[in-house]
Asks: 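Shown below is the structure under consideration.
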Amino acid sequence: MYDIKVDTNLLRYRFSETAQKQMRFAASQAINATAALVKTGEVDNLKAVLDSPTPFTLKALVLNKSSKKTLSATIFMKDI
């Protein structure tokens, strides 16, 4: 399981008020893009390691996306 989190409190005081409002959104978008790349890489890895994996196995990887409030994305394998 991968867990990606970002702490933007250190940078917040350096930006204008408008930029501060958008910082959490931008961080969330960056986390989601990174997590999507990791998920794609893990699916490719499953295809390389396993001998003809079924679609059921490949679709077991799930991405819980980040939001402005959580700033955390999680990639995990679903249970049966």
Side-chain angles (χ1 to χ4, degrees):
M1 179 168 77
Y2 295 97
D3 192 25
I4 302 170
K5 296 180 183 181
V6 174
D7 183 16
T8 59
N9 290 330
L10 298 175
L11 297 174
R12 192 171 285 199
Y13 71 93
R14 293 183 182 212
F15 293 105
S16 68
E17 185 176 333
T18 305
Q20 286 179 9
K21 290 180 183 179
Q22 294 300 316
M23 184 183 300
R24 291 186 70 83
F25 175 74
S28 176
Q29 293 295 312
I31 291 168
N32 289 335
T34 303
L37 289 173
V38 171
K39 181 182 175 190
T40 303
E42 285 299 318
V43 169
D44 292 342
N45 187 39
L46 284 174
K47 289 178 183 178
V49 172
L50 300 177
D51 183 32
S52 63
T54 63
F56 179 79
T57 303
L58 296 176
K59 292 180 183 178
L61 274 170
V62 178
L63 167 62
N64 282 343
K65 290 188 174 183
S66 171
S67 68
K68 289 191 328 184
K69 291 184 180 182
T70 61
L71 290 184
S72 176
T74 306
I75 303 167
F76 62 95
M77 297 285 286
K78 284 192 279 188
D79 288 335
I80 293 176

Asks: How many angstroms lie between NZ in Lys68 and CD in Gln22, if you round to the nearest 0.5 Å?
Replies: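 CD of Gln22 is found 7.0 Å from NZ of Lys68.
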Asks: List the atom of Leu71, the atom of Ala27, and the distance in Å for their closest heavy-atom pair.
Replies: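 The answer is CD2-CB, 3.9 Å.
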Asks: So, Thr70 side chain and Ser66 main chain: donor-acceptor pair closer than 3.5 Å or not?
Replies: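 Here the side-chain-to-backbone pair does not exist.
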Asks: Taking only residues two or more places apart in sequence, or in another chain, which ones meet Thr54 in a side-chain hydrogen bond (donor to acceptor under 3.5 Å, both in side chains)?
Replies: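 Once residues adjacent in sequence are excluded, the partners of Thr54 under the side-chain hydrogen bond (donor to acceptor under 3.5 Å, both in side chains) criterion are Thr57.
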Asks: Over all heavy atoms of both residues, which pair between Ala35 and Ile75 is shortest? Give the atoms and the distance, please.
Replies: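 Closest heavy-atom pair between Ala35 and Ile75: O-CD1, 3.2 Å.
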Asks: I need the Lys39 NZ to Leu61 CG distance, nearest 0.5 Å.
Replies: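 Rounded to the nearest 0.5 Å, the NZ-CG separation comes to 6.5 Å.
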Asks: Can you name the side-chain contact (heavy atoms from CB on, under 4.5 Å) partners of Asn64, sequence neighbours left out?
Replies: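 Checked Asn64 against side-chain contact (heavy atoms from CB on, under 4.5 Å); matches are Val62, Thr74, Phe76.
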Asks: Can you tell me how far apart OG (Ser28) and NZ (Lys69) are? Round to the nearest 0.5 Å.
Replies: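 Ser28 atom OG to Lys69 atom NZ measures 12.5 Å (nearest 0.5 Å).
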Asks: According to side-chain contact (heavy atoms from CB on, under 4.5 Å), who are the partners of Asn45, at least two apart in sequence or on a separate chain?
Replies: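 side-chain contact (heavy atoms from CB on, under 4.5 Å) list for Asn45, sorted by chain: Glu42, Val49.
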Asks: Could you tell me which non-hydrogen atom of Leu63 sits nearest to which non-hydrogen atom of Ala73, and how far apart they are?
Replies: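 Heavy atoms of Leu63 and Ala73 come nearest at CD1-CB, 4.4 Å.
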Asks: Picking from Asp44, Val38, Leu37, Val43, what satisfies side-chain contact (heavy atoms from CB on, under 4.5 Å) with Thr40?
Replies: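 The passing option is Asp44.
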Asks: Is there a path from Phe25 to Ile31 through hydrophobic residues (I, L, V, M, F, W, Y) whose side chains come within less than 4.5 Å of each other?
Replies: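 Hydrophobic grouping puts Phe25 apart from Ile31.
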